[in-house]
Amino acid sequence: VYKPMACFSDPLNLLLLVLLVEFAARPRVFWMLVFVSAWSHELVFFFAPWLVHLRSRNGGRWWREALCLLAVLVLYLALRAPMASNYGVAYYLDKNWWVPWLLPALGALWLLLVAVEFGPLLVVLGWGWATPALGGRWGAWLYFAGILPLMLLAYDVMRFAAFAFLPVVLGAAAMARVRRGRQVLLALVAAAAATYPWLHPVPSQQGGRHFTEIASPVFARIAPYVPPSGPAPAGPSFEVTGWMLAHWWPTFAAVAASWIAAFALGRVRNLV
């Protein structure tokens, strides 16, 4: 499930996120891991509010943790400055033609992609969303809020879907600790394996056939309106978004129902 969504740095990023959760109560190790994560990919700084909240939930004071985060950022920028390339922030800001008018379409495609890739394992994501390891209720939403801004700099939502794996890993660990939880987890894995060939007939295809059938014509439809730099016009962007949702409304309705069911089942702990 994970491999088709992975870019070269994503497996390392996922491992470092898991380690951040594991060492959330040890500030020196925690912030050292954040620094290492930055060298893997700067996207870790998009999760800044979640990082501070996670430390605050594990014995830290928010203002002290915010200062630690700032120190890590300053140190990283100072060391990286001599190695600045042509693909800095300015490059992405100049090329982000999808901001802001096409962000709702990207968000809908991200939800579709995660639903297709995980299938029945979305229920495990629901469990992970409620686990204290992610930072409790506010921690889960802060983590989710860290994913959305990534789309301000890049539109390849296939890569961002990989970040759903952290709550899935934490949810699986929490589910395995309760009565009959391992049986339920095994049943969900079996159901995901059974439905994956239908949702994802080409294993190497990111997002499966549903995502490809929608994303390709959507980007082709907006392509004539994309300027050399700067955002696409609002009118065509809204027209393309409305066309996408209207043309494939059964698919997006199924996606919405899947997410609602996953979170509802993930919160009903007495099922196991």
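Worth saying up front: this structure is predicted, and the values here are computed from it rather than measured.
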With a cut-off of 3.5 Å and sequence neighbours excluded, list every side-chain donor-acceptor pair involving residues 166-177.
none

Cation-pi, W198 ring and R209 (6.0 angstrom, 45 degrees):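 Yes, cation above the ring, under 6.0 Å and within 45°.
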F144 and W141 aromatic ring geometry - parallel, tilted or perpendicular at 30°/60° bounds: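 It falls in the perpendicular class, over 60°.
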Parallel, tilted or perpendicular: ring planes of W50 versus F47, cut at 30 and 60 degrees: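 Perpendicular.
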Cluster companions of V74 among Ile, Leu, Val, Met, Phe, Trp, Tyr (side-chain spacing under 4.5 Å):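 L70, all in the cluster of V74.
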Please list, chain by chain and in numerical order, all residues satisfying ring-ring contact (aromatic ring centres under 6.0 Å, His included) with [X], sequence neighbours excluded.
X	result
Y155	W97, W98, F219
F238	W101
F211	none
F23	none

Residues two or more places apart in sequence or in another chain: which of them pass side chain to side chain contact (heavy atoms under 4.5 Å, CB included) with [X]?
X	result
F35	W39, V72, L75, Y76, L79
L152	V99, L103, P149
A261	none

Test item: R55 side-chain N/O and W62 main-chain N/O as donor-acceptor pair under 3.5 Å: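 No; zero donor-acceptor contacts below 3.5 Å.
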Go through the structure and list residues passing salt bridge (charged side-chain N to carboxylate O under 4.0 Å, His left out) with [X], not counting sequence neighbours.
X	value
R182	none
E22	none
E239	R221

